[in-house]
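Within every chain, numbering begins at 1; the chains are lettered A, B, ... in the order of the sequence lines, protein sequences first and strands thereafter. Bear in mind the structure is a predicted one, so any value in this text is a computation, not a measurement.
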Amino acid sequence: MIKKKLCLLGSLGVGKTSLIRKFVLNVYSETYLCTVGVKVDKKIVRLRDGEDVILMIWDMEGQDDFSSLADTYLRGLSGYLCVADGTRPETLRTALSICSSMNSMFQGVSSSLLVNKCDLTDRWAVTEEECHDLAPGCGRILRTSAKLGIGVEEAFVDIAGRMVERPHG
Amino acid sequence: MADRRAGRPIDERLRELDPRERQNLDALAKRMRGARLTPRLVGETLPEAVLIGDEGSRPLSRSMTGITERAIAASVEDNPEALSTALFPIIGAAIRKALNKMLAEMMESMNSGLERAFSFKRLGWRFESWKTGTPFVEIVLRETLRYRVEHVFLIHSKTGLLLREASPPGVVSPDSDMVASMLEAVREYIKDSLALAKTDAVQSIRTGSYALLVEDGPYASIALFVRGSPDPSLRNAAQEAVETIHLRLGSRLKSFSGDVGPFEEADPALRRCLLSQDTRAPGGKPVYAIVALSAILLAAMTAVGFGIAAARSREAFERALDEEPGIVLVDSRRSRGRRVLRVLRDPGAATVAELAEGMGVDAAAFVVEEEPYWSPELRPGVPVAEDAPLVVPEELLELARRLGGIVILFEQDSGELRTGQQAAIRAAGDLLSELIGKSRAYGLDVSVDIVGHAAGEVQDEAGLRVSEERAQKALAMFAELNAPLVDYVRPVGVGVAEPVAPTDGAEDERALNRSVTFKAIFR
């Protein structure tokens, strides 16, 4: 059995915890996020080739820039999901900053940018062009809705598959 | 010929050689011309050279000391991790050895300290130590330290991922992957919060009845989840396990990329950490019952002890009482929880209370029933017949004196016994019987006069009659007790002729004259 460490990063309130809650069965209380700054969840993901991967998902407390990130929690990660809120363009800029710092610290790790809250179409403030501009820094870009479950499973399965292809213990 | 050849140039002489010899010489010359110390040549000869170099008066090892020290210093300066990683598997064992020695000395000191200390619990442990041959310290530790390792995790240090785990049978495992990762997160959090150095790891956490011990290696950690109070040996077990695992799986740990399969080999080392300190039987010992029973037993033993001591003291007192001149102990019995002593006491003898005080005996513990007694020891002169043998054995004389000392009291102007005279009559009867029996054994004849007395200052008819009545009454009493005795006794009424006590004394003294006494006569 393969085990991988995956981190979820992004600004406050972008919906990281909601995405995880939609994806996994939570065991630990979310108060850990406030007290310790991180909460770990687990999900066994079946890849497209039928192989199972245990994802240990580290849900990090919301950050507005990379300097506030507790880098000790990131050690040994195989991939990360950077989450932004599609109704708040500033969270997209933060995501870009985080991805940039991450790429310089952890070369070659798999990553995706999840632009969340795609169910709020009337308040959506991010254009397709803006998203594509972010792609080189943040890896694959996916639209998700934790509320409706849109793109959540796909996002996790996708990055799990890429992490297994690119081992970075 | 030889001289001639020697005078020619060397080239000419070489040309005269066999072509094969010339070829060999050329090859040799060529090799010599190109000879120099190549690394390969040094590499081949260095091991042997080092061995030879170390044998001389200036051994090579001594020469290399400084260089080696500088090389190690440079290595530590450049990359301390390389050396610490290389030494890790052995340094732990060396430190443990030193610590074990120190602990053993500490235990010894603790043992002697405990030996001086006293408590009932420790007394029990000491008894167990004596009974089982187990060192006292071991029992103390066993009684004070109880624990059980419920989970052992092997955690990859860099990723915080759980590699392997072990639990004793029957213990329900939590979601170990999440616990292991969260544990790493919490350890990092504590480290960051307290601004600890990178090398300072959180190695133990205590919460409620659980303790968490973590032993870190270069690439992986071992975490022990312990219920109860961990024994110091647990840390040693974890250290040994982490060293063993690094020794065997160090390279796999270093290059770990998510596949936990190869770490199955770590399972035996992990299982060796599943130690437990056996607790007592479920529900524990019935401590209170044992304490209560012990207290009762102790009280009973104390009571018995006191009882024995009191009995010995009483017996000593009674012996002393009986041996006291002028006092005869007639009877000793228990009545209504108290000891009743019936004694015959000559008015001239010490009182029972005085004797008790002299012996340190509590007189209040006795009820003394005292009757008057005319002691032959205090008042010598037991009559012996004129024609008696010259020598009467002292044993018989003593019996005669004791018999002569008994006074049986009667009511005033009456042949009726005063109350409470039964004991004196029995004592007289016993003495009479013994005296007759022993006299016959000695081949002597003895007869006893039962002498009736009367109180009064003047001898008169009434006095003589009442004294005879008293003597006859006593005879009748003896006949009831032991009929054959009457053949050896003779009732005699003497009136006031032989007063037991002064006739003009106090009433207590004059009452002694309303009596019968006994007079033995040997023939």
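For the salt bridge (charged side-chain N to carboxylate O under 4.0 Å, His left out) test, residues two or more places apart in sequence or in another chain that qualify with A:R46 are A:D52.
Here the closest non-hydrogen pair linking A:W58 and B:A185 is CZ3-CB, 3.8 Å. Nearest heavy atom pair, residue A:V38 against residue B:M182, reads O-CE, 3.3 Å.
Listed by first and then second residue, the salt bridge (charged side-chain N to carboxylate O under 4.0 Å, His left out) pairs involving residues 160-174 of chain B are B:R164-B:D267 (not counting sequence neighbours).
Of the candidates A:K5, A:K42, A:K4, A:K42 is the only one forming a salt bridge (charged side-chain N to carboxylate O under 4.0 Å, His left out) with B:D177.
Heavy atoms closer than 4.5 Å to chain B are found in the side chain of A:I54, but not in its backbone. Proximity to chain A (any heavy atom under 4.5 Å) is shown, for B:S255, by neither the backbone nor the side chain.
Remark: B:E184 does not engage A:R75 in a salt bridge, criterion side-chain N to carboxylate O under 4.0 Å.
For the atom pair CG (B:D175) and CG (A:D41), the distance works out to 9.5 Å, reported to the nearest 0.5 Å.
For B:R248, the CZ atom sits in a loose shell: 12 or fewer heavy atoms of surrounding residues, nucleotides or ligands are nearer than 6.0 Å.
Under the 3.5 Å distance criterion, the side-chain polar atoms of A:K3 are matched with a main-chain donor or acceptor of B:L162.
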